[in-house]
Amino acid sequence: MILSVAVLVSHLAGAPPLSSYQPEPAELQRARRLMLSRPDECVALTHYFLQRKEARPASVFNSRQEPDQLQQAKRYRTRGQTFTAWQLQALCQANDGLLLPADASINRAIALAREYDQQEALAISLLIKAKLALARQQPDQAQAQLDEAAGLHLPSDSGLRGDLQLLQASVLLHKHRFDDARQTFEQVRLQALQQDDTPRQAWANFLLGEYYLQLQQDELALSHFLETLDSLGDRRQFYVKALAAKKAAAIYAALGQNDKAVQYANQSTTEFELLGNNPLLISSLINLGRVTRSGDDANLALVYFFNALDLVRIQGDANIMYQLYLEIGQSYARLNSADEALHYLGMARTGFERNQDGPRQIDALVQLGRLHLSQGEYGLALLRLERALTLAEQLDDVLRLIESHRLLAELFEQSGNMGEALVHQKALHAYFKRATTVNRLLTQSLVQDNEQQLQQERELTELNRRSERLLQDREQFALLAAGLSLLSPLLLYGLLRNHVRNRRLQKHNQELQQALLIEPITGLPNWRQLMQRLPQEMARQQQRSEQWYLSEEQVRPFDDKIYYLLLQVPFMANLRERVGLGHATDIQRQLGEYLRGRIHPRARLYDLRDGQFIYAIPQKEVAELQQTLDALERMFAEFPCQFELDRRLITGIIGHPFLPKSPRVLDDMRLGDILYLAMAAAHQLAEITGESAWVELLAVDCQQAAFFTGDIRTCCIQGIMKGLVKVNSSHKKQQIDWQALLPALP
């Protein structure tokens, strides 16, 4: 038995580092290496080491002593080595399935650490005890151990804090506190990334995958398992890599991507083989064989099953051996090798019966029944399937009852006994309805015949519905004439009531839609309202621009633009951090009320959050752009507030149509990119001068539509360099580094 990954974290398996003059003995070094691969040998080594006498503190030996003294030292153990030995023994016993002896061993380590006031050794021992509590499904007890460990004084550079957080998140996961667990895992992953601690980062990624699996979000879980494998690369972290690959293979198999499932199942087997743990390698080989067989390659699956069988014979685990006989028999049946399939399925059935393993005995009997049925041996198939049905009824195993009834119905149908076939088909349908909350696709045959069963269920349901409808129609026809006069007022009342209710819901829906277009705190129109209005507004401006351009009498320049000013208000960006959430909310609400009363009647102001606003005003209302900018600066400068605020404004300005003669070249998204480019240039000026700054981008009055094909920011900057786009600014525009604003190459 191996502890679950949420409990057994291999990088927590060590003990406090020993001093350089006191190297770890060979027995403990070998035990540490065998902790996962051969835990029984690890237990024996630590037990042998603990037979040594404990050395007194005054009798510590070092490498500079004489050879006879060093030989003498090999018969003793120091206090630090004793802590290490008990901790290793507890972990190895747990990995070998001996949870109670493991708990006793770690209790000895805890008692010694408390007796000698060894804080770090006590912390490690408490973490191991918490892992053992999680293995026994006791999260409250594990939490108590972690709380005690968290209260200890540990060195600031110790990695135990990260280990403690990982176990804390595992406890939260056991308690179904999913949000807290996810936040803790993310925190550990970020800290490990900053500290370049790849193993801990990989474990945090893996446990995040487990978290998403519990939430049935398979695609997110898969991304974290694959990230675990990518982060480790060629590192010798065999255990976590094998577990991540095994999980990824299972998800790919569930998604029907068999090639990927086989790939990662192979990787999992390779990592377990490098780890050297036979029970884990056997489990991985069985999983690989099943995935391979589901991809219609039963021959290769047999190779994996026989390799696992060789390992099981060495290990001597009869239960797994009989399970392998069942898998091998199924594979031979898939290959139509009836004699070999009958041989192995018979051995599996005998073994399960001897071990009183009822569920697997039913599986073996079902496979034997299916084999005899495919060979036309109806008598033998009937004996096997009736025995399987009896055992399934004793265990009340719904899924196996479904499979047994299905095969019996098929048997009687093939043999011509339609009455018995109907009996079993009805029983199958009854159990199928009962199993709606159970995984009905447990066995391979249910996977193959699921569509047929669902179709039969739909047809039977439809027939029942039609029969009930005919009976109801007969009754209703007899009562219709007499009840119509009574039902008419009720129907009228219902229609009126439904009409009133629909009107009320429509009004409520309209109110909600209006609320979605308003920023909740400031009460100003938000980005949704802007994106709803901007395309329509641009379409109108484009039409007017085209009419002006096509007009024969162009006595005056095009003056029907709309100025869009993108304002960055620095004090809004970090307002919550500076003054607190309550004060920040009050200031934003007051600012919204203040701005609504100060803007131009023909202008519109949109709150884009994070201190950004868009101010839209028709060109006809702007005598001079500088006056409008001065008015905006005064508007924010005169805002009354008890706190000291950074009242500078950083403004990007463009007009639409940007290209009056070719207005359809730019849509709303590309226009927004130009506007943000102007504000980015204004940011540069503000950083240089420390004052408010604005930048306006204005295309020259010539036909340059083809030049603006491609990435609009790149084209616009090139247009500035070539003189196709004019730049107006509050400061020297030569200070703007346009090359720095070019988008990064993909």
Side-chain angles (χ1 to χ4, degrees), residues 517-519 522-549 551 553-569 591-608 612-639 647-661 663 666-668 671-672 674-679 681-682 692-701 725-730:
L517 302 178
I518 300 298
E519 187 61 26
T522 60
L524 296 172
N526 61 10
W527 63 271
R528 291 188 183 90
Q529 188 170 155
L530 173 66
M531 299 307 295
Q532 186 181 79
R533 179 166 180 170
L534 187 59
Q536 301 173 359
E537 192 172 71
M538 288 181 64
R540 288 196 300 269
Q541 294 300 115
Q542 289 169 0
Q543 185 177 9
R544 293 171 185 169
S545 176
E546 290 172 352
Q547 292 173 352
W548 167 82
Y549 181 64
S551 176
E553 298 180 2
Q554 297 182 11
V555 298
R556 57 184 178 84
F558 183 72
D559 62 350
D560 199 14
K561 287 185 179 181
I562 293 182
Y563 280 116
Y564 293 97
L565 291 78
L566 179 58
L567 310 175
Q568 175 72 49
V569 184
L591 179 63
E593 296 174 355
Y594 170 79
L595 293 177
R596 283 196 298 273
R598 290 290 301 266
I599 63 174
H600 191 281
R602 294 287 305 280
R604 302 183 309 277
L605 184 65
Y606 300 93
D607 183 357
L608 306 186
Q612 292 185 359
F613 299 86
I614 281 188
Y615 186 74
I617 185 169
Q619 181 182 6
K620 295 178 179 179
E621 305 297 332
V622 179
E624 289 188 12
L625 187 59
Q626 184 61 50
Q627 293 179 357
T628 301
L629 290 167
D630 292 341
L632 288 174
E633 289 187 13
R634 286 196 306 273
M635 182 170 65
F636 281 93
E638 294 171 2
F639 170 60
R647 298 176 184 266
R648 293 179 302 160
L649 282 185
I650 300 168
T651 310
I653 309 168
I654 63 171
H656 182 268
F658 188 69
L659 305 174
K661 297 181 180 180
L666 302 179
D667 58 9
D668 53 339
L671 193 73
I674 300 176
L675 186 57
Y676 272 101
L677 177 64
M679 192 179 74
S692 296
W694 58 268
V695 170
E696 180 190 11
L697 297 182
L698 179 68
V700 300
D701 189 13
V725 176
K726 182 179 179 182
V727 180
N728 297 323
S729 65
S730 57

Set of residues satisfying ring-ring contact (aromatic ring centres under 6.0 Å, His included) with respect to Tyr615, sequence neighbours excluded: none
With sequence neighbours excluded, residues passing ring-ring contact (aromatic ring centres under 6.0 Å, His included) with Tyr594: Phe639
Gap separating the CD1 atom of Ile653 from the CG atom of Leu565, nearest 0.5 angstrom: 4.5 Å
Spacing of CD1 belonging to Ile654 relative to CG belonging to Leu671, to within rounding of 0.5 Å: 3.5 Å
Under the side chain to side chain donor-acceptor pair (under 3.5 Å) test, residues paired with Thr651 that sit two or more places apart: none
By salt bridge (Lys or Arg N to Asp or Glu O under 4.0 Å) - contacts of Arg533 (at least two apart): Glu537
Those residues that, when tested against Ala682, pass side-chain contact (heavy atoms from CB on, under 4.5 Å) (two or more places apart): Ile650, Val695
Counterpart residues, salt bridge (Lys or Arg N to Asp or Glu O under 4.0 Å), relative to Glu593 (two or more places apart): none
Within-4.5 Å side-chain heavy-atom neighbours: Ser729 and Glu696: no
Shortest non-hydrogen separation from Ser730 to Ala693 and the atoms involved: OG-CA, 3.3 Å
Partners passing salt bridge (Lys or Arg N to Asp or Glu O under 4.0 Å) against Glu638 (at least two apart in sequence or in another chain): Arg598
Which atom pairs, donor and acceptor, lie under 3.5 Å between side-chain atoms of residues 624-637 and protein residues at least two apart or in another chain?
unit_1, atom_1, unit_2, atom_2, d
Gln626, NE2, Asp630, OD1, 2.8

Distance, nearest 0.5 Å, that separates CG of Leu595 from CG of Leu605: 5.5 Å
Side chain to side chain donor-acceptor pair (under 3.5 Å) partner of Gln612, chosen from Tyr606, Trp527, Tyr676: Tyr676
Euclidean distance, Lys620 NZ relative to Ile562 CD1, rounded to 0.5 Å: 10.5 Å
CZ on Arg604 to OH on Tyr564, rounded to 0.5 Å: 6.0 Å
Spatial distance of atom CG (Leu530) from atom CG (Leu524) [nearest 0.5 Å]: 12.5 Å
Verdict with reasoning, Val725 to Ile674, per side-chain contact (heavy atoms from CB on, under 4.5 Å): CA-CA 11 Å; Val725 176; Ile674 300 176; over 6 Å; no
side-chain contact (heavy atoms from CB on, under 4.5 Å) between Leu649 and Trp694, intermediate numbers included: CA-CA 8 Å; Leu649 282 185; Trp694 58 268; over 6 Å; no
Which residues share a side-chain contact (heavy atoms from CB on, under 4.5 Å) with Pro618, sequence neighbours left out: Arg602, Glu621
Set of side chain to side chain donor-acceptor pair (under 3.5 Å) partners for Gln529, sequence neighbours left out: none
